[in-house]
There are 2 protein chains.
Amino acid sequence: MSRDAAETREKILNSTLDLLEAGDPHRVRMSDIAKAAGVSRQAVYLHFPSRAELLIAATYLLDDRKGVEERLVASRSAGSGRNRLDAYVDCWAGYLPEIAGVARAFLAMVETDAEAASAWNQRMEDVREGCEAVVKALKADGDLAKGLTIKAATDLFWTLLSVRNWEQLTRDCGWSEKEYGKYIKAAARAVLVKGEGG
Amino acid sequence: MSRDAAETREKILNSTLDLLEAGDPHRVRMSDIAKAAGVSRQAVYLHFPSRAELLIAATYLLDDRKGVEERLVASRSAGSGRNRLDAYVDCWAGYLPEIAGVARAFLAMVETDAEAASAWNQRMEDVREGCEAVVKALKADGDLAKGLTIKAATDLFWTLLSVRNWEQLTRDCGWSEKEYGKYIKAAARAVLVKGEGG
DNA sequence: GTGTAACTTGACACGATGTCAAGGGATGCA
DNA sequence: TGCATCCCTTGACATCGTGTCAAGTTACAC
């Protein structure tokens, strides 16, 4: 691929992210993206075979930019299970607002587009693994709440952290990012950590 | 409206519920419904102005059939806040599987159809009121976990009970109805009730 | 100046919702 | 018997967004 083509590809991806971050997921049609990139609608299809693939490519670019991997290091090296839980929730609470636009677009597409659904599920599976690591650390410390298996605890934690829940709490309930972090951390501790609840 | 027209309307609503309960939300197009009801696609539009309105009408019929109101009485008259919490979660856990098909169809539509979104939000608002009543009962007993305002506790409880969470836990995590009831009740207690967690 | 890569232009298919117009058939009423 | 009315059917059409296709343009390289 020549330099020109790579540049056009970049322009398209950047415009996609711009539109997604602008908020209204209904204004991120292929024609909107093309217009924003200053390119014909067909040029977009020359670079990306479908809307789903374009959005997936955009999320990879976004992850690169936001340095997701580096952030997670803080959580993994936080010592005790309790501390790892806190660090993980903090990391997640800081990450979510940054990917909100992209996430919303995917959530809207997941119902109808199988390809988008599988890309999204893959990413959520990664989050689940992070949840599981935290739960196992708690278990190793003897701090996992009684009555919870590792699977059940992971499922609960993962569900608590779901993007839909974040959406509901910040949009419908009007929570700030700070409130989300504080209350969700407290809720996760109450549910998962022995002797922490209420 | 004559007896004939009312009968056709009934047939359409019944077929709609049948298809919704059958599971695959993509097979509930207007033409599917018409075919199932043994009627032309246009006949459906003679009775319901849009797909959204038809689905809304179907949910009202479903509620009537399932006797939602009567069930909630159990929760409201359960005495202490703690007992009301348990009863409310039980009621919800029993109700969800019955409305799953309809709920899925709405969740798929909510992203694109403003009318469907507002109907769905109205129903979720009713659930929220139930959550708030439980939280207030806990507060009155002095059993609300410290650090939680009534609003924050209601928001958390309501979010915990969201249909999306139920979907994720039962479908993606493979939880049974019974597991859902058990773990969600425990989680709700851990988060909301003083001295209950972990 | 010939070729090639990248892009444009404009047309089209598709699947779903929703609209419109014309007509058919049963029932009711004179 | 004739006529009107209601409920429904048939089939065509508009719209919106995605995705495809074919032909043409521009610019640069050799």
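To find a chain, count down the sequence lines: A is the first, B the second, and so on, and within it residues start at 1.
- Taking atom CD of residue Glu7(A) and atom P of nucleotide dA5(C), one finds them 19 Å apart after rounding to whole Å.
- You'll find a donor-acceptor pair under 3.5 Å spanning the side chain of Gln42(B) and the base of dT19(C), going by distance alone.
- Although no hydrogens or angles enter the test, the distance criterion places a donor-acceptor pair under 3.5 Å between the side chain of Asn165(B) and the main chain of Thr159(B).
- Between the C1' atom of dG19(D) and the CG atom of Leu54(A) lies a distance of 13 Å, rounded to the nearest Å.
- The CG atom of Asp32(B) sits 13 Å away from the P atom of dG15(C) (whole-angstrom rounding).
- Ion pairing between a basic and an acidic side chain is recognised when a charged N comes within 4.0 Å of a carboxylate O; Glu129(B) and Arg76(B) show no such pairing.
- We find that CD of Glu115(A) is positioned 14 Å from P of dT18(D), with the value rounded to whole Å.
- With dC8(D), dC7(C), dG19(D) as the choices, the nucleotide that has an atom nearest any side-chain atom of Thr8(B) turns out to be dC8(D).
- Around the NZ atom of Lys151(A), the shell of radius 6.0 Å holds more than 12 heavy atoms that belong to other residues, nucleotides or ligands.
- The CD1-C1' distance, from Ile33(A) to dG17(D), rounds to 12 Å in whole Å.
- One cannot find a donor-acceptor pair under 3.5 Å joining the base of dG11(D) and the side-chain atoms of Arg41(B).
- In this structure, Asp113(B) atom CG and dC16(D) atom P are separated by 16 Å, rounded to whole Å.
- Using a 4.0 Å cut-off between charged nitrogen and carboxylate oxygen, Glu7(B) and Lys11(B) do not count as a salt-bridge pair.
- Comparing Arg29(A) and Pro49(A) by the nucleotide of DNA chain D that holds the closest heavy atom to each, the one mapping nearer the 5' end is Arg29(A).
- For the pair Met30(B) CE and dG15(C) C1', the interatomic distance rounds to 15 Å; values are reported in whole Å.
- For the pair His47(A) NE2 and dT8(C) C1', the computed distance is 12 Å after rounding to whole Å.
- Sequence order on DNA chain D of the closest nucleotides to Ser40(B) and Ser50(A) puts Ser40(B) first from the 5' end.
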